[in-house]
Amino acid sequence: MSERQLDNPPPAFDTASAVDVGWPEEVTLADTVVAVVLMVPGVARMHAGMFGEVATYLPRRRVIGVQIHNDATAVHVVLNWDVDIGSTADSIREVVEPLVGTPVDVTVQDLDAALDSA
């Protein structure tokens with residue numbers, strides 16, 4: 001018996017639902033943590049970890065780069081290449097700890113290269 005070939009196979013998932021468009025319906029603690037982390041000078045963006053495992057999973061979306069637990073909070077970031085990594089990580093801890101009430105583990109996943117070389 002031979003397999004039937006499909007001319008136009010259906011997509012594996014609905015790409016429209018995978019794209020996060022606009023503001024979330026409800027702003028959560030994870031959203032607030034990301035907002036304050038991104039305001040720290042030297043932070044380029046959040047990072048989801050090596051396999052995309054660092055995220056807060058919410059209905060219909062996920063907040064990448066932050067996991068909040070009862071005993072600790074993980075924050076994964078990409079920093080600008082020209083910042084002091086230690087002091088930037090300390091600044092991230094200083095703004096996040098009062099929000100979450102737990103120790104904050106900051107992981108610098110990567111450094112973002114400068115776009116202008118002038």
Side-chain angles (χ1 to χ4, degrees):
M1 204 186 252
S2 65
E3 291 184 24
R4 185 178 82 124
Q5 295 292 333
L6 297 176
D7 294 333
N8 294 316
F13 63 95
D14 180 9
T15 56
S17 67
V19 177
D20 187 11
V21 179
W23 293 99
E25 293 175 14
E26 178 183 341
V27 177
T28 65
L29 179 57
D31 295 312
T32 304
V33 167
V34 168
V36 299
V37 168
L38 291 175
M39 288 191 289
V40 172
V43 175
R45 63 185 173 276
M46 303 303 290
H47 196 285
M50 184 179 273
F51 302 107
E53 74 280 9
V54 181
T56 299
Y57 292 89
L58 301 168
R60 297 180 303 281
R61 68 186 183 99
R62 66 187 186 127
V63 180
I64 67 165
V66 62
Q67 287 180 329
I68 302 169
H69 301 286
N70 292 335
D71 58 345
T73 298
V75 174
H76 288 232
V77 293
V78 175
L79 299 182
N80 295 328
W81 70 276
D82 58 347
V83 300
D84 181 279
I85 295 170
S87 65
T88 305
D90 288 342
S91 296
I92 292 169
R93 279 187 208 91
E94 287 175 13
V95 297
V96 174
E97 283 181 354
L99 294 173
V100 296
T102 66
V104 176
D105 298 320
V106 177
T107 302
V108 178
Q109 291 283 161
D110 200 1
L111 296 176
D112 199 15
L115 296 177
D116 56 14
S117 58

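Every value quoted in this text rests on a predicted model; they were computed, and no experiment measured them.
Partner M46 forms a side chain to side chain contact (heavy atoms under 4.5 Å, CB included) with one of V33, V75, V54 and no other, that one being V75.
Under the 3.5 Å distance criterion, with hydrogens and angles disregarded, no donor-acceptor pair is assigned to the side chains of D90 and S87.
Connection of V63 to V78 is not established within any shared hydrophobic cluster, with ILVMFWY side chains joined at heavy-atom distances below 4.5 Å, either directly or through further cluster members. Both V43 and V100 are assigned to one and the same hydrophobic cluster, defined by single-linkage of ILVMFWY side chains at heavy-atom distances under 4.5 Å.
Closest approach of D105 to A72, counting heavy atoms only: OD2-CB, 4.1 Å. Between A48 and I64, the shortest heavy-atom distance links the atoms CB-CB, 4.0 Å. Taking each heavy atom of T88 and P41 in turn, the nearest pair found is CG2-O, 3.8 Å. Between P98 and E94 the shortest heavy-atom distance is CD-O, 3.2 Å. The minimum heavy-atom distance linking H76 with Q109 is given by the pair ND1-OE1, 2.6 Å. The two atoms that bring N80 and V83 nearest to each other are O-CG2, 3.2 Å, heavy atoms only.
Counting heavy atoms from C-beta on, the side chains of I85 and L111 come closer than 4.5 Å.
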Under the criterion side chain to side chain contact (heavy atoms under 4.5 Å, CB included), I'd like the reasoning laid out for L99 against T32: C-alpha separation, chi angles, the key distance, then a yes or no.
CA-CA 8 Å; L99 294 173; T32 304; 4.2 Å; yes
Worked check of side chain to side chain contact (heavy atoms under 4.5 Å, CB included) between H47 and V77:
CA-CA 5 Å; H47 196 285; V77 293; 5.9 Å; no
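Heavy atoms of other residues, nucleotides or ligands lying less than 6.0 angstrom from CG of N70 number 12 at most.
Summarising the geometry, atom CE belonging to M39 is positioned 12.5 Å from atom CD1 belonging to I92; distances are rounded to the nearest 0.5 Å. Put simply, OG1 on T73 and CD on E97 are 8.5 Å apart, with the number rounded to the nearest 0.5 Å. One finds the OG1 atom of T102 at 9.5 Å from the NE2 atom of H69 (value rounded to the nearest 0.5 Å). Atoms CD and CZ, from E26 and R61 in turn, are 8.0 Å apart once rounded to the nearest 0.5 Å.
At least one donor-acceptor pair under 3.5 Å links the side chain of T56 to the backbone N or O of V66.
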